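Remember, predicted model here, so these are calculated numbers, not experimental data. Numbers restart at 1 for each chain; the letters A, B, ... are given by sequence-line order, proteins then strands.
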There are 2 protein chains.
Amino acid sequence: MTTTRRPRADARRNYERLLAEADAAFREGGVESSLESVARRAGVAIGTLYGHFPTRRALVGALLRERNEGLFELGERLLARPEPDALATWVRAATAHAAAYSGLAALLADGLDDETSDLHASCRRMADIGERLVARARETGAVRPDATGDDVIALTTAAASLHEHRSAAEADRLITLTMAGLAVRRL
Amino acid sequence: MTTTRRPRADARRNYERLLAEADAAFREGGVESSLESVARRAGVAIGTLYGHFPTRRALVGALLRERNEGLFELGERLLARPEPDALATWVRAATAHAAAYSGLAALLADGLDDETSDLHASCRRMADIGERLVARARETGAVRPDATGDDVIALTTAAASLHEHRSAAEADRLITLTMAGLAVRRL
DNA sequence: ACCTGAACACCGTTCAAGT
DNA sequence: ACCTGAACACCGTTCAAGT
């Protein structure tokens, strides 16, 4: 029986400070901001950052933990209590999530196929929810019969990338247009 | 009256070798590949690369010159001799162009608003062609009346980014779905 | 007119040495 | 158990000195 040991007080403090400063740095300069600068801002040596987060994606994953839980809850709620615009609601929420930091959309898009990515599990979970939602919409006839989970992934990552490189308005517009395209029943 | 002077033979050779090696490097490792490695591959000092191409985007712009001309010709041809699928043809060609190197879609998306980018002029030209094509499709009733040039830009850059981070198939599928959404006449 | 490469400032990542 | 920071390998960019 393994007990999770209480971490040393300074370790816990460093962990928290690193997370806070990484969040600030990534908000300002995107997810590819220098890790040295994050460590500097947090007032720890670079080795300490690597001690807590062995890879950049581990750090991003830790930052996304809470946000992820909120997103998954929404997904399960939409699956549990069906409503007409469930799929669109999901796509917009997932897009907002993937656009939390600039550069994140690319990391998530790559993470879905890359099993070594620290983001892989949560990417799979997002893909899974999207797939179940689109399956139900297909059965309802709300979307065309050839609509797939890949369509949902594609739209989500594409819209998040637009959010980053063009604007929130263009991202939202792409979602509207693509959802309209998905709603066309006759092929 | 300014005469374009014939460049020194070694300068011309270095220019060509830099272009060739940059193309190879960017194909393999994307448009953010190290410039030092490009200079090394071309067998010149790093200062020589900077002498010919003061910024990374100038180098990318030079690599894209011929490709760009082909694309613009296609655009003008589609505008001159209307055909039913002109807009879709354009979007697919522009997407393929923007997906020539990984990382290029982001550079082009940013270049459209950034007047200091060496890619700005060609981005504007692409946007202009897209706008004229969508205007005509709007008049024909081939697309919904609220379709804009921004929709075309958004779809193109989004699809190119999908091509890079997901697959050509997903990129193409997004184009199909969004074009279907644009074709919906009733709002 | 063009090329070279040292110089400067910066970064990712590891790991021996400390406490 | 965790932290430090030097060490290594690499990069972007500039510019004085050469030819």
Ring of B/Tyr101, cation from B/Arg56 - is the NZ or CZ under 6.0 Å from the centre and inside 45° of the axis?
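The answer is no; the distance or angle limit is not met.
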
Between A/Arg125 and A/Glu76, does at least one N-O distance fall below 4.0 Å, as a salt bridge requires?
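Salt bridge between A/Arg125 and A/Glu76, a charged N being under 4.0 Å from a carboxylate O: yes.
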
Would you call B/Asp128-B/Arg124 a salt bridge at under 4.0 Å N-O?
no

Could you tell me whether the phosphate oxygens of C/dC2, OP1 or OP2, come under 4.0 Å of any side-chain nitrogen or oxygen in B/His52?
no

Using a 4.0 Å cut-off on heavy atoms, which residues in residues 11-19 of chain A reach DNA chain D? List them by number, or say none.
A/Ala11, A/Asn14

Using the test salt bridge (charged side-chain N to carboxylate O under 4.0 Å, His left out), find all partners of A/Glu131 that sit at least two apart in sequence or belong to another chain.
none

Report the residues that fulfil side-chain contact (heavy atoms from CB on, under 4.5 Å) with B/Asn14, sequence neighbours left out, ordered by chain and then residue number.
B/Val44, B/Thr48, B/His52

Heavy-atom donor-acceptor pair, A/Thr140 side chain to A/Arg136 backbone, under 3.5 Å
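Flag set: sc A/Thr140 to bb A/Arg136 pair under 3.5 Å.
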
So for atom CD, which belongs to B/Glu66, do other residues, nucleotides or ligands contribute more than 12 heavy atoms lying within a distance under 6.0 Å?
no

Considering residues, nucleotides and ligands other than A/Glu115, do more than 12 of their heavy atoms fall under 6.0 Å from its CD?
no

For nucleotides 12-19 of chain C, just jot down a letter per nucleotide in 5' to 3' order: B, S or -, based on protein non-hydrogen atoms under 4.0 Å.
BBBB----

Expressed as a whole number of angstroms, how long is the span from B/Arg40:CZ to C/dT4:P?
15 Å

Between A/Thr95, A/Leu108, A/Ile175, which is the residue that forms a side chain to side chain contact (heavy atoms under 4.5 Å, CB included) with A/Thr156?
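With A/Thr156 as partner, side chain to side chain contact (heavy atoms under 4.5 Å, CB included) holds for just one option, A/Thr95.
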
Which donor-acceptor pairs under 3.5 Å do side chains of residues 81-93 of chain B form with protein atoms, sequence neighbours excluded?
| from | atom 1 | to | atom 2 | distance (Å) |
| --- | --- | --- | --- | --- |
| B/Thr89 | OG1 | B/Asp85 | O | 2.9 |
| B/Arg92 | NH1 | B/Asp172 | OD1 | 2.7 |
| B/Arg92 | NH1 | B/Asp172 | OD2 | 3.0 |

Per-residue pairing states of DNA chain C in dot-bracket (Watson-Crick or G-U under 3.5 Å; . unpaired, | other strand) read ||.|||||...|||||.||

